[in-house]
Amino acid sequence: MSYTIEGSTGTWEIVCGLEVHAQVVSEAKLFSGAATKFGAEANTQVSPVDAGMPGMLPVVNGWCVEQAVRTGLGLRAAINRTSVFERKNYFYPDLPCGYQISQYQHPVVGTGKLTIDFPDGTAKDVGITRLHLEMDAGKSVHDAHADASLIDLNRSGVALMEIVSEPDIASPEEAVLYLRKLRSILRYLGTCDGNMEEGSLRCDANVSVRKVGDTALGTRCEVKNVNSMRFVARAIEYEARRQVEILEGGGRIDQETRLFDSVRGETRSMRSKEEAHDYRYFPDPDLLPLEFSQAFVDELRTQLPELPDQKKARFIADFALSAYDASVLVAERESADFYETVLAALSDKQRDGKMAANWVINELFGRLNKEGRGIAGSPVSAAQLGAVVGLIGEGTISGKIAKD
């Protein structure tokens with residue numbers, strides 16, 4: 001998707017890569033048996049391991065490892081049968097150990113790709129650099145006490161998948177399409193619920209700019225912890241224009257970490273950008289390398305559901321849908337299942353994939369959107385809508401009567 005910024009010295013383009021932190025769907029944390037339920041009272045879901053108590057040893061949650069491998073398979077990525085947990089050393093009040101257990105040199109998942117679909121029917125592959133597992137930090141609460149910041153360790157140790165893209169994203173719109181597609185895949189797989197409001201899906205955007213025609217990468221700035229797709233687009237656009245303005249004024253870009261102020265619609269400096277050596281990574285001495293067989297990977301592959309791209313291709317081939325209609329229907333697994341249930345309610349003579357899609361997308365989804373409801377809150381079941389579509393197809397009732 002073409003996106004450029006016109007400046008006084010030439011035309012600039014955006015180069016962006018995203019780092020997405022996706023919380024693993026699991027009832028226990030990555031290295032302890034503590035619960036992960038959202039919204040629990042502060043510090044009620046904390047084990048001695050999560051609190052960094054001396055002498056406590058982490059134990060890997062095998063379910064979380066399986067979820068990471070499933071996600072890697074869903075991203076058409078290489079699965080590394082040997083991976084290593086490392087300590088990433090930094091010091092925050094909400095990180096009681098003084099380090100985060102993560103993966104760096106030997107992640108559980110290697111390179112893959114994700115296809116984003118444009119409204120005009122074209123598509124683009126965005127490379128996946130890696131997916132690694134890591135524990136989340138706790139949360140600093142600054143507005144609950146007038147004279148102090150408080151620490152909630154309920155999130156400490158929660159399993160995260162950090163999914164890192166290649167710098168293949170060239171516009172704010174592409175970033176949103178990438179996030180939507182990634183979220184859809186995660187939800188189909190059941191490995192992350194994708195709830196950005198609850199912090200289950202968070203995004204860091206690495207943004208740089210360069211003149212159109214140049215091949216060298218510019219100095220990047222990382223915009224941290226953006227928690228909505230709309231804000232991701234706004235943050236990337238603002239940051240790119242800020243960098244162009246500096247460069248055209250004869251300045252240089254400092255590599256740094258920035259925050260996005262959604263009220264002002266601007267990014268602001270947080271700290272200088274750290275490099276890997278600043279974290280003094282080394283293998284965690286309490287955890288053996290993760291090793292699993294090819295048979296283990298193959299078994300997980302057989303359990304994968306039909307994913308959005310596969311379902312979209314089938315809908316186009318089997319039901320003669322347009323690429324746009326198929327994309328809308330497969331964006332959420334519940335919507336695709338609803339559509340197929342509508343079709344299942346029709347006889348062979350009544351079955352018209354295009355008409356059924358029109359009623360599901362335009363009539364039902366349109367009405368639900370106006371009322372602020374999701375598909376789960378539909379007052380009309382898929383079987384009921386299928387019966388109505390069948391009556392229209394037979395000519396028993398008109399479309400106008402059905403809408404009323």
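Atoms considered below: every heavy atom in the structure, side chains included; atoms not considered: hydrogens, waters and symmetry mates.
Residues Ser269 and Glu256 bring a donor and an acceptor atom of their side chains to less than 3.5 Å of each other. No hydrogens or angles considered: a donor-acceptor pair under 3.5 Å links the side chains of Asn206 and Glu19. One side chain, His142 or Ser149, offers a donor N or O that lies under 3.5 Å from an acceptor on the other. Between the side chains of Glu27 and Trp63, no donor-acceptor pair of N or O atoms lies under 3.5 Å. For the 3.5 Å distance criterion, the side chains of Tyr3 and Glu237 qualify, holding a donor opposite an acceptor. Residues Ser208 and Gln243 have side chains that never bring a donor and an acceptor to within less than 3.5 angstrom of each other.
Side-chain atoms of Glu174 come within 3.5 Å of backbone atoms of Ala170 as a donor-acceptor pair (strictly under, hydrogens ignored). Judged by distance alone, with hydrogens and angles left aside, the side-chain atoms of Asn369 form a donor-acceptor pair with the main-chain N or O of Phe365 at under 3.5 Å. Under the 3.5 Å distance criterion, the side-chain polar atoms of Glu134 are left unmatched by any main-chain donor or acceptor of Gln100. Of the possible donor and acceptor atoms, one in the side chain of Lys29 sits under 3.5 Å from a partner among the backbone N and O of Asn154. The backbone N or O of Glu291 lies less than 3.5 Å from no partner atom in the side chain of Thr82, so there is not a single donor-acceptor pair. Glu340 places no side-chain N or O within 3.5 Å of a backbone atom of Asp337 that could act as its donor or acceptor partner. Counting only distance, with no hydrogens or angles, the side chain of Ser165 and the backbone of Ile128 share no donor-acceptor pair below 3.5 Å. At distances below 3.5 Å, not a single donor-acceptor pair connects side-chain atoms of Asp261 with backbone N or O atoms of Thr267. Distance alone, capped at 3.5 Å, is enough to place a donor-acceptor pair between the Arg234 side chain and the Ser262 backbone. No donor-acceptor distance shorter than 3.5 angstrom exists from the side chain of Glu162 to the backbone of Leu131, with no hydrogens or angles considered.
Between the CD1 atom in Ile236 and the CZ atom in Phe231 there is a gap of 14.0 Å [rounded to 0.5 Å]. Note: Leu179 CG to Met196 CE = 6.0 Å, rounded to the nearest 0.5 Å. Distance CD1/Ile79 to CG/Asp298: 10.5 Å, rounded to 0.5 Å.
In this structure, the side chains of Leu57 and Val49 stay at 4.5 Å or more apart for every pair of heavy atoms. No side-chain heavy atom of Tyr104 sits less than 4.5 Å from a side-chain heavy atom of His132. Contact annotation: the side chain of Leu329 approaches that of Val360 to within less than 4.5 Å [non-hydrogen atoms, C-beta and beyond]. By the 4.5 Å heavy-atom criterion applied to side chains, Lys139 and Leu153 are not counted as neighbours.
When each of Lys181, Lys113, Arg314 is checked for a salt bridge (charged side-chain N to carboxylate O under 4.0 Å, His left out) with Asp309, only Lys181 meets the rule.
Heavy atoms from other residues, nucleotides or ligands lying under 6.0 Å from CD of Glu198 number more than 12. Within 6.0 Å of CD on Glu41 lie no more than 12 heavy atoms contributed by other residues, nucleotides or ligands.
Counting all heavy atoms, side chain and backbone alike, Leu346 lies closest to Gly386 at CD2-O, 2.9 Å. Across all non-hydrogen atoms, the minimal contact from Val209 to Leu247 is CG2-CD1, 3.7 Å.
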Assess whether salt bridge (Lys or Arg N to Asp or Glu O under 4.0 Å) is satisfied between Arg258 and Glu239, documenting all intermediate values.
CA-CA 9 Å; Arg258 300 179 68 85; Glu239 179 58 23; 3.3 Å; yes
Please walk me through it: do Gln23 and Arg155 pass side chain to side chain donor-acceptor pair (under 3.5 Å)?
CA-CA 10 Å; Gln23 181 176 326; Arg155 289 195 63 89; 3.1 Å; yes
Gln103/Ser83 under side chain to side chain donor-acceptor pair (under 3.5 Å): CA gap, chis, key distance, verdict
CA-CA 8 Å; Gln103 295 183 314; Ser83 60; 3.3 Å; yes
Go through the steps to decide whether Glu332 and Arg183 satisfy the test salt bridge (Lys or Arg N to Asp or Glu O under 4.0 Å), and finish with yes or no.
CA-CA 9 Å; Glu332 292 290 346; Arg183 181 177 182 269; 3.0 Å; yes
Tell me, with the steps shown, if Glu66 and Arg70 meet salt bridge (Lys or Arg N to Asp or Glu O under 4.0 Å).
CA-CA 6 Å; Glu66 289 186 20; Arg70 286 190 189 93; 3.2 Å; yes
Please lay out, stage by stage, how Thr11 and Glu6 fare under the test side chain to side chain donor-acceptor pair (under 3.5 Å).
CA-CA 5 Å; Thr11 304; Glu6 294 297 332; 2.9 Å; yes
Carefully, step by step, assess Ser327 and Lys312 under the rule side chain to side chain donor-acceptor pair (under 3.5 Å).
CA-CA 6 Å; Ser327 294; Lys312 176 184 174 182; 3.1 Å; yes
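Between Phe315 and Tyr339, the ring centre distance stays below 6.0 Å.
Ring orientation note: the planes of Phe292 and Phe296 are tilted relative to one another, at an angle of 30° to 60°. Between Tyr279 and Tyr281, the ring planes lie perpendicular to each other; the angle is over 60°, past the 30° to 60° tilted range.
Under 4.0 Å is where a charged nitrogen must lie from a carboxylate oxygen, and between Asp254 and Arg252 at least one such pair does. Taking the charged nitrogens against the carboxylate oxygens, Arg241 and Glu245 have no contact shorter than 4.0 Å, which rules out a salt bridge.
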